[in-house]
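In listed order, ligands and their atoms are each counted from 1. Hydrogens, waters and symmetry mates are skipped; everything else that's a heavy atom, side chains included, is used. Start at 1 with the first residue, then count along the sequence. On a predicted model such as this, the values are computed, not experimentally measured, just so you know.
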Amino acid sequence: MKKFVFIVGAAMMMAACGQQKAVTEKTLSEQLADRMQNLQQRGYMIGHQDAPFYGVTWDGTYANAEPSDSCDMLRTVGDYPAVMGFDLGGWELGDAKNLDSVPFTRIHDELIAHYERGGIVTLSWHPHNPLTGGTSWDVSDSTTVKSTLPGGEQHEKFQAWMQRIGDFIADLKTKDGQPIPIIFRPWHENNGSWFWWGQKLCTDEEYHGLWNMLQDYLRDERGFSNLLWSYSPNLDGKWTEERFLARYPGNDRVTLIGEDAYQWGSEEDFKAALTADLDYLCDFAERNQRMFAITECGYKNMPDSTWWTRVLKPMMDSHPINYCLLWRNYKEEYFGPSPELPCAADFKKLYEAENTLFLKEITDNKQNNSNE
Ligand code: BMA
């Protein structure tokens with residue numbers, strides 16, 4: 001059993017009583033930000049993408065699957081991830097299943113279920129290429145972003161896509177009809193050039209145009225004050241302030257700065273790049289009073305059974321990060337733990353560490369900070 005820092009909890013309860021009025025006036029996304037900041041005083045949360053749908057040895061995506069309790073993290077350590085990630089790719093076309101074959105009805109239900117069990121939820125979006133009809137990864141035409149902007153040939157189509165995304169978000173409500181606070185993370189990994197909104201696929205102005213168009217629509221036109229906006233480029237290794245700022249949407253548009261960081265090559269290269277990026281981005285976040293998270297992470301098919309505590313954990317321990325979301329587990333490509341894998345014992349060590357937060361450790365805190 002882990003020890004909790006009761007002093008922090010007591011201080012937060014006192015603060016919550018003293019500021020009852022201020023707290024009730026905050027939007028759902030501001031309340032979520034407060035909760036995340038409070039949690040960060042205890043450590044960082046661990047998350048997992050698509051946790052309730054499939055895993056290394058099981059698949060619950062079939063048509064009439066029951067809401068699942070087969071989550072690989074739960075099977076490995078006996079607790080759910082604190083943060084669960086879900087993806088909307090395909091919804092823009094009206095598909096019944098997302099790009100990873102998960103029925104949208106299940107995404108809707110499991111996102112709500114995780115929030116209702118006290119967890120934190122995040123949505124990403126891998127939309128199709130509106131110009132070519134290909135996937136997010138279709139980078140064959142560098143005018144795609146431009147085509148979605150006002151005056152562009154795909155602008156009308158893209159507006160319809162945004163409307164569909166808005167309709168999905170509007171449906172994410174608790175049983176008593178309350179909207180769910182969601183970390184929303186569009187247009188990610190934009191410093192790479194593998195998505196149609198990537199570095200070489202649009203100018204800085206076009207990228208800002210794309211970001212602002214989506215945000216202005218969802219936040220202002222549709223009025224979704226439950227979305228906490230996350231800007232999350234990819235592992236870079238050589239950020240400069242000038243280059244980071246060139247596509248940063250701005251403090252008025254971003255609450256959480258993130259980075260997607262996978263080890264693809266050598267351990268040495270990964271450590272050097274991530275350490276450099278965490279040094280820079282955590283400092284940027286602090287200077288700008290934003291939060292920071294590793295918004296996607298992993299080492300594909302985990303070839304190293306001690307990676308969690310030997311490689312990743314020391315870098316997270318030495319930087320002020322809010323959470324780390326491991327990417328999805330499925331049988332051909334997995335980034336999280338599973339009891340059958342050699343890395344399971346090491347993941348249990350990560351779980352046992354005092355500064356790593358899973359669902360059970362964040363749910364008491366939720367009660368201290370909620371308005372209900
Ligand atoms: C990528 C891979 C793909 C997947 C996509 C969206 O990183 O995992 O297989 O389709 O994310 O989830």
ring-ring contact (aromatic ring centres under 6.0 Å, His included) between Phe335 and Tyr299, worked out: CA-CA 6 Å; Phe335 298 89; Tyr299 189 6; 9.3 Å; no

Joint hydrophobic cluster, Leu28 plus Trp229, side-chain heavy atoms closer than 4.5 Å: no

Atom pairs and distances, donor-acceptor, side-chain atoms in residues 271-285, under 3.5 Å, two or more places apart:
from, atom 1, to, atom 2, distance (Å)
Lys271, NZ, Glu267, OE2, 3.2
Thr275, OG1, Lys271, O, 2.7
Asp277, OD1, Gly237, N, 2.7
Asp277, OD2, Asp236, N, 2.6
Asp277, OD2, Gly237, N, 3.0
Asp279, OD1, His319, NE2, 2.6
Tyr280, OH, Glu241, OE1, 2.7
Asp283, OD2, Arg287, NE, 2.9
Asp283, OD2, Arg287, NH2, 3.3

Partner residues of Leu201 under the side-chain contact (heavy atoms from CB on, under 4.5 Å) criterion, sequence neighbours left out: Val139, Ser142, Ser193

Taking a 3.5 Å cut-off between nitrogen or oxygen atoms, can you list every pair linking ligand 1 to the protein, with distances?
from, atom 1, to, atom 2, distance (Å)
ligand 1, 7 (O), Trp327, NE1, 3.3
ligand 1, 8 (O), Trp327, NE1, 3.1
ligand 1, 8 (O), Arg328, NE, 3.0
ligand 1, 8 (O), Glu333, OE1, 3.0
ligand 1, 9 (O), Arg328, NH2, 2.9
ligand 1, 10 (O), Asp100, OD1, 2.5
ligand 1, 11 (O), Trp327, NE1, 3.2
ligand 1, 12 (O), Asp100, OD2, 2.6

Name of the residue among Leu172, Ile112, Asn98 meeting side-chain contact (heavy atoms from CB on, under 4.5 Å) with Ile107: Asn98

Pairs meeting criterion ring-ring contact (aromatic ring centres under 6.0 Å, His included) with involvement of residues 131-150, two or more places apart: His126-Trp137, Trp137-Phe195

